[in-house]
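Only one structure is covered here, and it is reproduced in the block below.
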2 protein chains.
Amino acid sequence: MDGTLQALQNRLLASLPRDDMALLAPHLSVVNLERGRLLHDPGDKIDTVYFPHDGVISLMTLMESGAAIESATIGCEGALGLMAAVGPRQALSRAIVQTPCKAERISVHHIHEAWERSPALRDLVDRHTEALFGHAIQSVACNALHSVEARFARWLLTCHDRISSDRIALTQEFLADMLGVQRTTVTAVARGLQTKGIIRYRRGVVDIIDRHALEGVSCECYGVVRRTYERLLP
Amino acid sequence: MDGTLQALQNRLLASLPRDDMALLAPHLSVVNLERGRLLHDPGDKIDTVYFPHDGVISLMTLMESGAAIESATIGCEGALGLMAAVGPRQALSRAIVQTPCKAERISVHHIHEAWERSPALRDLVDRHTEALFGHAIQSVACNALHSVEARFARWLLTCHDRISSDRIALTQEFLADMLGVQRTTVTAVARGLQTKGIIRYRRGVVDIIDRHALEGVSCECYGVVRRTYERLLP
DNA sequence: CTCCATGCGTCGAGTTCTCGACAGTCTTTG
DNA sequence: CAAAGACTGTCGAGAACTCGACGCATGGAG
């Protein structure tokens with residue numbers, strides 16, 4: 001239950017000054033989040049904040065049709081539910097665990113108390129919110145303008161940055177949902193990238209072979225979002 | 001320069017308690033924003049906040065290709081640049097005036113001072129940010145999943161809510177940019193809606209004939225975003 | 001009034017993606 | 001081992017949208 005004694009891979013927590021971190025530390029605990037776990041659905045009261053050390057959490061917008069499409073992702077550069085540190089919040093989206101995560105967990109109650117006392121934490125929350133908003137509006141444009149292949153590549157790159165491996169566990173069906181397209185389209189695109197030697201895949205596993213080439217296939221949105229985070233959360 | 005003597009159509013300002021409003025009022029001034037005016041571009045330091053009384057301001061994400069696609073809109077239910085009340089901010093998007101607006105204008109310096117003193121204003125800013133984020137993630141999904149016709153209808157409805165007229169001045173070319181599609185596609189969709197008696201248009205002007213039918217053509221995203229604003233900014 | 005810039009109509013080839021269907025293959029489980 | 005379930009491969013018809021091109025109408029400026 002004491003996060004300060006281990007390496008803090010979460011960059012948000014790592015950037016907090018010592019005294020501010022001391023307000024949070026007694027209430028943090030490390031949890032392992034297994035793949036596929038549902039953390040909240042739209043309308044749920046947010047009562048816990050997660051700071052991932054690794055792995056990916058997806059924010060998904062639910063549609064009436066039952067479709068659930070990814071609208072943003074959270075990794076070690078951010079936190080899930082952080083806006084609720086400011087005051088009570090209902091979730092706007094579904095949050096599910098994309099890849100197995102180790103994350104620091106804290107109750108909204110405790111982080112709100114720290115938020116009231118710590119200007120540094122308030123500032124961090126604000127900048128995180130801004131970065132997440134930037135992420136979202138870039139995705140609005142990306143989904144309107146860019147091909148499935150470019151978005152597929154962008155998704156792999158974003159995921160690759162957040163796990164310490166060239167191997168990503170994911171099925172094509174799952175990725176099709178994330179991107180909001182048909183599975184057959186994902187199959188076709190994946191085959192194309194494999195033929196070019198950029199990725200290799202089999203049943204539920206994708207290996208990234210040539211990351212540099214993947215960046216060439218991806219749209220600019222990958223870099224834009226990444227730079228937004230770096231500017232706002234150095 | 002005294003906004004308190006006239007009807008406050010901007011719902012954000014109208015919801016502020018009297019004492020909190022008194023902190024802002026001396027620094028507010030009404031401005032007329034003409035159609036097409038550029039208020040900021042990505043990277044610009046935000047130095048002014050606008051609270052529209054009517055009309056629409058569009059937030060547009062700029063791409064390397066030169067495309068500028070709409071990622072959110074601001075009307076009388078919100079404000080432009082409000083996140084900067086919390087602290088210095090760079091714009092993430094282009095903001096342009098979509099339809100002629102009357103808006104209250106205040107410098108970031110002055111609204112930040114009020115923000116420091118007024119818990120009600122701080123709360124308002126936070127809820128506005130949350131609503132705008134909800135708007136953005138809904139648009140992420142909408143652009144991935146919904147047809148141009150549905151998004152066209154959604155756009156008209158959103159605009160219609162914010163101007164006190166059934167007549168909207170806009171060219172098809174302009175709307176094509178907003179939606180991130182070809183003009184010829186907009187022409188085809190507009191013709192379809194006119195044939196059905198839902199809208200009528202000519203050179204740069206669209207009349208909404210049957211709003212109820214337009215809601216049927218639109219996707220659910222119109223209502224979802226609207227309800228998000230109503231919940232967070234009553 | 002004439003010119004001319006702007007905005008709309010249309011056409012057609014081509015690409016991307018959808019949607020449903022079914023077959024094949026791998027993995028897990030009983 | 002056998003059965004069931006999960007994942008990928010493929011196919012084909014069709015819808016949606018792109019992209020470039022060109023012509024026509026409208027309305028404002030000189």
Side-chain angles (χ1 to χ4, degrees), chain A residues 34-36 63 65-70 98-99 141-156 167-196 199-207 217-219, chain B residues 34-36 63 65-69 98-99 141-156 167-196 198-207 217-219:
Chain A
E34 71 278 16
R35 182 172 153 71
M63 304 302 256
S65 67
I69 181 177
E70 186 177 271
Q98 193 68 246
T99 70
C142 186
N143 281 352
L145 297 173
H146 296 150
S147 68
V148 175
E149 184 178 53
R151 293 195 281 138
F152 181 111
R154 179 191 169 196
W155 196 95
L156 288 180
R167 178 160 294 177
I168 301 173
L170 96 148
T171 67
Q172 297 185 356
E173 177 123 40
F174 186 76
L175 187 53
D177 277 352
M178 292 290 125
L179 299 178
V181 300
Q182 297 282 114
R183 180 189 58 81
T184 49
T185 304
V186 171
T187 300
V189 169
R191 263 185 64 79
L193 292 179
Q194 175 156 276
T195 302
K196 293 178 201 160
I199 65 170
R200 193 170 24 187
Y201 68 93
R202 58 184 188 285
R203 257 186 109 71
V205 180
V206 175
D207 288 316
V217 173
S218 166
C219 50
Chain B
E34 72 279 15
R35 182 172 154 72
M63 304 303 254
S65 67
I69 181 175
Q98 192 68 246
T99 70
C142 186
N143 282 352
L145 297 172
H146 296 150
S147 68
V148 174
E149 184 178 53
R151 293 194 281 138
F152 181 111
R154 179 190 170 198
W155 196 95
L156 288 180
R167 177 159 294 177
I168 301 173
L170 96 147
T171 67
Q172 296 186 354
E173 178 123 41
F174 186 76
L175 187 52
D177 278 351
M178 292 289 124
L179 299 178
V181 299
Q182 297 282 113
R183 180 190 59 82
T184 49
T185 305
V186 171
T187 301
V189 169
R191 262 184 64 81
L193 293 178
Q194 176 156 277
T195 302
K196 293 177 200 158
I198 297 175
I199 64 170
R200 193 169 22 183
Y201 68 92
R202 58 183 189 287
R203 251 187 117 69
V205 180
V206 175
D207 288 316
V217 173
S218 167
C219 50

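Labels below follow one simple rule: chain letters A, B, ... track the order of the sequence lines, proteins then strands, and each chain is numbered from 1.
Between the OH atom of A:Tyr201 and the C1' atom of D:dC7 there is a distance of 11 Å, given to the nearest Å. What separates CD1 of B:Ile69 from P of D:dT18 is a distance of 10 Å, to the nearest Å. What separates NE2 of B:His146 from P of D:dC17 is a distance of 12 Å, to the nearest Å. Residue A:Leu170 contributes atom CG, which lies 17 Å from atom P of D:dA6 at whole-angstrom precision. Per the geometry, CZ belonging to A:Arg200 stands 16 Å off P belonging to D:dT8, to the nearest Å. When rounded to the nearest whole Å, the span between CG of A:Asp177 and C1' of D:dC7 equals 14 Å. Note: CZ (B:Arg151) to C1' (D:dC17) measures 11 Å, nearest angstrom.
Across all strands shown, A:Arg183 has heavy atoms under 4.0 Å from base atoms, whether or not it also approaches the sugar-phosphate. As judged by a 4.0 angstrom heavy-atom cut-off over every strand, A:Gln172 is placed among residues touching the sugar-phosphate backbone only. Counting any heavy atom pair closer than 4.0 Å across all strands shown, A:Thr171 reaches sugar-phosphate atoms only and no base atom.
Interatomic distance, B:Ser65 OG to A:Leu145 CG, rounded to the nearest 0.5 Å: 6.5 Å. Note that OG of A:Ser218 and CZ of A:Arg151 are 11.5 Å apart. Values are rounded to the nearest 0.5 Å. Atom CG of A:Asp207 and atom CD of A:Gln194 lie 9.5 Å apart (nearest 0.5 Å). In this structure, CE on A:Met63 lies 6.0 Å from SG on B:Cys142, to the nearest 0.5 angstrom.
One cannot find a donor-acceptor pair under 3.5 Å joining the base of D:dG27 and the side-chain atoms of B:Arg202. One can find a donor-acceptor pair under 3.5 Å joining the base of D:dT26 and the side-chain atoms of B:Arg203.
If you walk DNA chain C from 5' to 3' and mark each nucleotide with an atom closer than 4.0 Å to a heavy atom of chain A, the marks span C:dC17 to C:dT27.
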Pair B:Arg191, B:Tyr201 - check side-chain contact (heavy atoms from CB on, under 4.5 Å), show working. CA-CA 9 Å; B:Arg191 262 184 64 81; B:Tyr201 68 92; 3.3 Å; yes
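Distances from the side chain of B:Thr184 to the nucleotides D:dG27, D:dA21, D:dA6 place D:dA21 closest.
Of the residues near DNA chain C, A:Gln182 and B:Ala188, the one whose nearest nucleotide (by heavy atom distance) lies more toward the 5' end is B:Ala188.
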What side-chain donor-acceptor pairs closer than 3.5 Å can you find for residues 168-181 of chain A, not counting sequence neighbours?
unit_1: A:Thr171; atom_1: OG1; unit_2: A:Phe174; atom_2: N; d: 3.1
unit_1: A:Gln172; atom_1: OE1; unit_2: A:Thr187; atom_2: OG1; d: 2.7

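Although no hydrogens or angles enter the test, the distance criterion places a donor-acceptor pair under 3.5 Å between the side chain of A:Arg35 and the main chain of A:Gln98.
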